J.: 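A single structure is presented below for examination.
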Amino acid sequence: MFLTRFRVNTARPAARRLLSSPQTMHAAVMSSFPKLLPTDTPASGGPRVLWRLDHTTRAEIVLHIVSPDRPDLTHLVEQAGWPAAAAADPADPGWQSRPYAPLLDRLSTGAHWAFRLTANPVHHARRKDDEPTKRTAHITPGHQMGWLLKRQETCGFRVLEKPDTKRLLPDGTTHTKQPHHGDRYELTVHNPRPLAFNKHHTTPPQTGRRPPVTLLTVTFDGRLEVTDPQALRRAMTQGIGKAKAYGCGLLTLAPLRSTGAEK
């Protein structure tokens, strides 16, 4: 496994096209692997290619990729990077890749880490009793947080709780009698992004116009404790939740710092 980091040059028109469509970015990411064909699908229960776009505090956009094979991002550097700078420095091709195994092997029960996850929190609901259930996005931060908390055990971690002295809001229920966690957990939910994009570049004449793909993504930042290292490794290499092809599901860890979590 490899972890790759690529800084996007947002001044370039091709970069803006990539950033405007998760489908286009997905195709660009998958083109980084010579051994993968467009028709290939991830093996069930095995590691897969995951990616995520991070908007950093310095107004940068960074593409992170976790993959079974080392990627070649030459085409991304040419389209959405700094190709002249990369050509001038053979030691820096314009992206950074490093083996992921050393970090995965360090995971141990009881260890604490900072984490980041961009995900597509959804549930199945029906508007009327006689209608089939439909996949629906969680809209509120409370429900989105609850979505992640329900998955933490099977993903091999526990989100850390704040000490009582640092809590500002108590547990309780919402006006619809749903549980609300207050600010019990070392967890924030931010950067909600409603996305709508075309999955296909062209529309076959015989089928008419295809409806766009719509989804809502949010980013979770927090602190966790490892409860099951093997399950956590599986979550980090196979992803969490839906829409993995569209930049969701990649969970990354960083060492904790006393002044806050570095993502």
Side-chain angles (χ1 to χ4, degrees), residues 1-8 19 22 25-26 29-30 32-33 42 46-58 60-71 73 76 95-109 111-121 144-145 147-149 151-160 185-193 217-257 259-263:
M1 297 297 294
F2 293 88
L3 174 63
T4 301
R5 182 183 186 274
F6 170 73
R7 182 184 168 202
V8 180
L19 295 172
M25 181 64 81
H26 167 71
V29 168
M30 299 308 291
S32 305
F33 304 96
R48 59 174 294 159
V49 177
L50 301 167
W51 63 272
R52 185 183 75 220
L53 289 170
D54 281 356
H55 298 251
T56 71
T57 55
R58 296 193 299 167
E60 296 176 335
I61 298 180
V62 178
L63 171 65
H64 295 278
I65 303 172
V66 165
S67 55
D69 300 312
R70 186 186 293 272
L73 303 189
L76 279 176
W95 71 91
Q96 302 81 42
S97 290
R98 63 177 185 267
Y100 210 25
L103 174 62
L104 297 175
D105 292 342
R106 286 175 57 192
L107 300 179
S108 60
T109 302
H112 290 184
W113 295 85
F115 75 88
R116 173 166 289 175
L117 167 70
T118 293
N120 171 226
Q144 292 162 351
M145 184 181 298
W147 175 90
L148 179 61
L149 294 172
R151 286 157 178 76
Q152 59 180 345
E153 182 178 355
T154 57
C155 291
F157 65 87
R158 177 181 68 87
V159 177
L160 296 177
Y185 295 96
E186 295 271 9
L187 179 63
T188 59
V189 185
H190 63 97
N191 195 28
R193 298 185 66 209
T217 69
V218 297
T219 298
F220 300 94
D221 284 334
R223 301 184 176 199
L224 61 78
E225 176 182 315
V226 180
T227 58
D228 183 339
Q230 188 58 35
L232 182 53
R233 292 184 191 103
R234 185 166 56 249
M236 293 174 65
T237 57
Q238 297 180 19
I240 299 174
K242 303 294 185 181
K244 297 183 183 73
Y246 301 133
C248 296
L250 173 55
L251 173 70
T252 54
L253 305 182
L256 287 173
R257 299 185 302 172
T259 57
E262 181 184 358
K263 309 303 183 296

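Residue indices begin at 1 and follow the sequence shown. Note that the coordinates shown come from a computational prediction; the quantities given were computed from them, not determined experimentally. For the numbers below, each heavy atom of this structure counts, side chains included, while hydrogens, waters and symmetry mates do not.
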J.: Residues in ring pair (Phe, Tyr, Trp, His ring centres under 6.0 Å) with Y246, at least two apart?
T.: F197
J.: Ignoring hydrogens and geometry, is there a side-chain-to-backbone donor-acceptor pair from W51 to A245 under 3.5 Å?
T.: yes
J.: Sequence neighbours excluded, which residues qualify as side chain to side chain contact (heavy atoms under 4.5 Å, CB included) partners of Q96?
T.: R5, D92
J.: Would you confirm whether E186, through its side chain, and L160, through its main-chain N or O, come within 3.5 Å as a donor-acceptor pair?
T.: no
J.: Residues two or more places apart in sequence or in another chain: which of them pass side chain to side chain contact (heavy atoms under 4.5 Å, CB included) with L250?
T.: L50, R52, H64, V66, T252
J.: When rounded to the nearest 0.5 angstrom, what is the spacing between CD1 in I65 and CZ in F33?
T.: 5.5 Å
J.: P68: what forms a side chain to side chain contact (heavy atoms under 4.5 Å, CB included) with it, not counting sequence neighbours?
T.: M1, P47, V49
J.: Can you name the residues that form a side chain to side chain contact (heavy atoms under 4.5 Å, CB included) with T188, not counting sequence neighbours?
T.: H190, D221
J.: Is there a side-chain contact between L76 and F6 (heavy atoms, below 4.5 Å)?
T.: yes
J.: Taking side-chain hydrogen bond (donor to acceptor under 3.5 Å, both in side chains) as the definition, give me every residue that meets it alongside E225, ordered by chain and number, with sequence neighbours left out.
T.: H112, R158
J.: Where is the tightest heavy-atom contact between W113 and L107, given as atom of each residue plus distance?
T.: NE1-CD2, 3.9 Å
J.: Give, for atom CG of N120 and atom NZ of K242, the distance between the pair rounded to the nearest 0.5 Å.
T.: 9.5 Å
J.: So, for P102 and P99, which heavy atoms are closest and what is the spacing to 0.1 Å?
T.: CD-O, 3.6 Å
J.: So, taking the atom named CG in L224 and the one named CG in L187, what distance separates them when rounded to the nearest 0.5 Å?
T.: 10.0 Å
J.: With sequence neighbours left out, write down each residue that passes side-chain hydrogen bond (donor to acceptor under 3.5 Å, both in side chains) with T118, or none if nothing qualifies.
T.: T219
J.: Work out which heavy atom in Y100 is nearest to a heavy atom in L251; give both atom names and the distance.
T.: OH-O, 3.9 Å
J.: By side-chain hydrogen bond (donor to acceptor under 3.5 Å, both in side chains), which residues pair with S97, not counting sequence neighbours?
T.: T4
J.: So do L103 and L3 actually touch side chain to side chain, heavy atoms under 4.5 Å?
T.: no
J.: For F115 and R223, work out which heavy atoms get closest and say how close.
T.: CE2-N, 3.5 Å
J.: If you look at every heavy atom in K244 and Q238, which pair is closest and at what distance?
T.: CE-O, 3.0 Å
J.: Any chance CZ of R70 has more than 12 other-residue heavy atoms, nucleotides or ligands included, within less than 6.0 Å?
T.: yes
J.: If you measure from CZ on R116 to CG on D54, what distance do you get to the nearest 0.5 Å?
T.: 4.5 Å
J.: Could you work out, with side-chain hydrogen bond (donor to acceptor under 3.5 Å, both in side chains) as the rule, every residue matching R234, not counting sequence neighbours?
T.: none
J.: For the residue pair F220 and V189, establish whether any side-chain heavy-atom pair is separated by less than 4.5 Å.
T.: yes
J.: Mind listing the closest non-hydrogen atom pair of Y185 and L149 along with its distance?
T.: CE1-CD1, 3.5 Å
J.: Who passes salt bridge (charged side-chain N to carboxylate O under 4.0 Å, His left out) against R7, sequence neighbours left out?
T.: E60
J.: Counting distance only, does the side-chain N/O of T217 pair as donor-acceptor with the main-chain N or O of A119 below 3.5 Å?
T.: no
J.: For W147, does its backbone N or O pair with a side-chain atom of R151 as donor and acceptor, under 3.5 Å?
T.: yes
J.: Quick one: does D228's side chain have a donor or acceptor within less than 3.5 Å of a partner on Q230's backbone?
T.: yes
